[in-house]
S.K.: 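Below is a structure I'd like to ask you about.
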Protein chains: 2
Amino acid sequence: MVDRPALSKGEMEVARTLWQMGPAAVRAVYQAMCEEKSIDFSTVQTYLRRLEAKGYATSKLEGRIRIYAAKARAKTVIRDTVNDLVERLFGGETMPLVRHLIEERGIAADELAELRQLIERLDASDQQEAP
Amino acid sequence: MVDRPALSKGEMEVARTLWQMGPAAVRAVYQAMCEEKSIDFSTVQTYLRRLEAKGYATSKLEGRIRIYAAKARAKTVIRDTVNDLVERLFGGETMPLVRHLIEERGIAADELAELRQLIERLDASDQQEAP
DNA sequence: AGTCTTGGCGTACAAGCGTACGTGGTTGTA
DNA sequence: TACAACCACGTACGCTTGTACGCCAAGACT
């Protein structure tokens, strides 16, 4: 659809916060982000402005407060970002990344269980599609 | 260990090619990359220079040809890059990305089988560590 | 010997990024 | 009403990234 310029790393964090919070004022986003890391209010403001400039967010003045809302869906952005990463770092192959994630980053037992189910499910539909 | 500046997207592709090929001249890297996408020879050269400047590669003149070799190991770079992505786009949680990869990008049947084994293995060691 | 090709190396340059500051208006408070 | 806190908005600035060009020397070809 719309072909937006890619998000930078910093912009991504702000976008993620915005997805989590829903429409929010700069200060609210700022405070949410503050809890995780030290960042300047103005920096957040600039990122939000850029997010809007790139077409990832909209904003409107509500009284004298500008409220930002995500425009692009998280799923879309994640898809594009991950596709790009997989392309560049793994030459387009998905499995090496999956392997890396599962082996090198901790996965809890209940998550493992979920994973197993996920696989069962896919396996079943594979069987159907390619008998 | 050494704290290198992060790789940019473009640099990553060159690094990956270099890992795949082992030590190689600029032209060799260029030709390998050409097959996948259109890129200028000088661009590749600049990326290799920057890779070295950032400490990800070394080079030495062999006759009048400069041979570049990867210095950082792929595993390390992948770890750092993926950690960063997971942090920024998923707030540090691994599972959403794993889920995304498995659900949204095609995984072949034999890869599914491999995944299942991987999970069995981890499950077993989990059991041992936390009885 | 003269010309073509190839490579190294220096340099460029606009756009994007990270990180803010300052100004001037608005609102809540003493 | 004077003052402090808060906000939007414009602006800045050095660094990085993407994408090259041009010059010069060494080897290859005629």
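In what follows, chains are A, B, ... by sequence order, proteins preceding strands, each numbered from 1.
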S.K.: How do A:R64 and A:S38 order along DNA chain C: which one's closest nucleotide is nearer the 5' end?
M.R.: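 Looking at the nearest nucleotide for each, A:S38 comes out on the 5' side.
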S.K.: What nucleic acid atoms does A:S8 come within less than 4.0 Å of, heavy atoms only: base, sugar-phosphate, or nothing?
M.R.: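 Here A:S8 touches the backbone only, sparing every base.
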S.K.: If you check the A:R27 side chain, which of C:dT19, D:dA25, D:dC7 turns out closest?
M.R.: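 Ranking C:dT19, D:dA25, D:dC7 by closest atom to the A:R27 side chain puts D:dC7 first.
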S.K.: Can A:L7 and A:Y56 be said to form a side-chain contact (heavy atoms from CB on, under 4.5 Å), step by step?
M.R.: CA-CA 9 Å; A:L7 286 181; A:Y56 288 93; 3.4 Å; yes
S.K.: For the pair made of CZ in B:R50 and P in C:dT11, what is the distance, rounded to whole Å?
M.R.: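 Interatomic distance, CZ of B:R50 to P of C:dT11: 15 Å.
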S.K.: With a 3.5 Å cut-off and heavy atoms only, can you find an N or O donor on one side and an acceptor on the other between the side chain of A:Q45 and the base of D:dC7?
M.R.: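 In this structure, the two groups form no donor-acceptor pair.
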S.K.: Any side-chain N or O of B:R66 less than 4.0 Å from the OP1 or OP2 oxygen of C:dC9?
M.R.: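 Checking B:R66 against C:dC9: at least one side-chain N or O falls below 4.0 Å of OP1 or OP2.
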S.K.: Once you round it to whole Å, what is the distance between C1' of D:dT16 and CZ of B:R4?
M.R.: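 Rounded to the whole Å, the gap is 18 Å.
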S.K.: Using a cut-off of less than 4.0 Å, is there contact between a side-chain N or O of B:K54 and OP1 or OP2 of D:dT17?
M.R.: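 Result: yes.
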S.K.: Tell me: NZ of B:K9 to P of D:dT16, nearest whole Å?
M.R.: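 Value for this atom pair: 18 Å.
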S.K.: Rounding to an integer number of Å, can you tell me how far A:Y30 OH sits from C:dT19 C1'?
M.R.: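 Distance check: A:Y30 OH to C:dT19 C1' gives 13 Å.
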S.K.: Considering only residues two or more places apart or on different chains, which pairs with a residue in residues 43-53 of chain B satisfy side chain to side chain donor-acceptor pair (under 3.5 Å)?
M.R.: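 Matches after skipping sequence neighbours: B:E52-B:S59.
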S.K.: Do B:R49 and C:dT11 have a side chain to base donor-acceptor pair shorter than 3.5 Å?
M.R.: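 Result: at least one qualifying N/O pair found.
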S.K.: Choose from D:dA8, D:dT17, C:dG18 the nucleotide whose nearest atom is closest to any side-chain atom of A:I65.
M.R.: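 Minimum distance to the A:I65 side chain belongs to D:dA8.
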S.K.: From OH of A:Y47 over to C1' of C:dA20, roughly how many Å is that when rounded to an integer?
M.R.: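 It is 11 Å, rounded to the nearest whole Å.
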S.K.: Assess whether atom CD of B:E93 is packed by more than 12 heavy atoms of other residues, nucleotides or ligands within 6.0 Å.
M.R.: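 Atom CD in B:E93 is not crowded, with 12 or fewer foreign heavy atoms closer than 6.0 Å.
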S.K.: Begin from the C-alpha positions of A:I119 and A:R116 and carry the test side-chain contact (heavy atoms from CB on, under 4.5 Å) through to its verdict.
M.R.: CA-CA 5 Å; A:I119 291 171; A:R116 184 160 340 142; 5.7 Å; no
S.K.: Check the distance between C:dG18's P and A:L51's CG and give it to me in whole angstrom.
M.R.: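 Going from CG in A:L51 over to P in C:dG18 covers 12 Å.
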S.K.: Among the candidates D:dA8, D:dT19, D:dC7, find the nucleotide nearest to the side-chain atoms of A:V26.
M.R.: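 Selected nucleotide: D:dA8.
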S.K.: Could you tell me how far apart A:L61 (CG) and D:dC7 (P) are, to the nearest whole angstrom?
M.R.: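 Going from CG in A:L61 over to P in D:dC7 covers 13 Å.
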S.K.: The side chain of B:D40 lies closest to which of these nucleotides: C:dT26, D:dA26, D:dC21?
M.R.: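 Among C:dT26, D:dA26, D:dC21, the one nearest the side chain of B:D40 is D:dC21.
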S.K.: Where each residue is assigned the nucleotide of DNA chain C containing its nearest heavy atom, which of B:R88 and B:I67 is assigned the position nearer the 5′ end?
M.R.: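 Final value for this comparison: B:I67.
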S.K.: Measure CG/A:L48 against C1'/C:dG18 and give the value in whole Å, please.
M.R.: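 Going from CG in A:L48 over to C1' in C:dG18 covers 15 Å.
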S.K.: Counting heavy atoms not belonging to A:E103, are there more than 12 under 6.0 Å from its CD?
M.R.: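 Result for CD/A:E103: enclosed.
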S.K.: D:dT17 phosphate, OP1 or OP2: any side-chain N/O from B:T46 under 4.0 angstrom?
M.R.: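 The answer is no; no side-chain N or O of B:T46 sits under 4.0 Å from OP1 or OP2.
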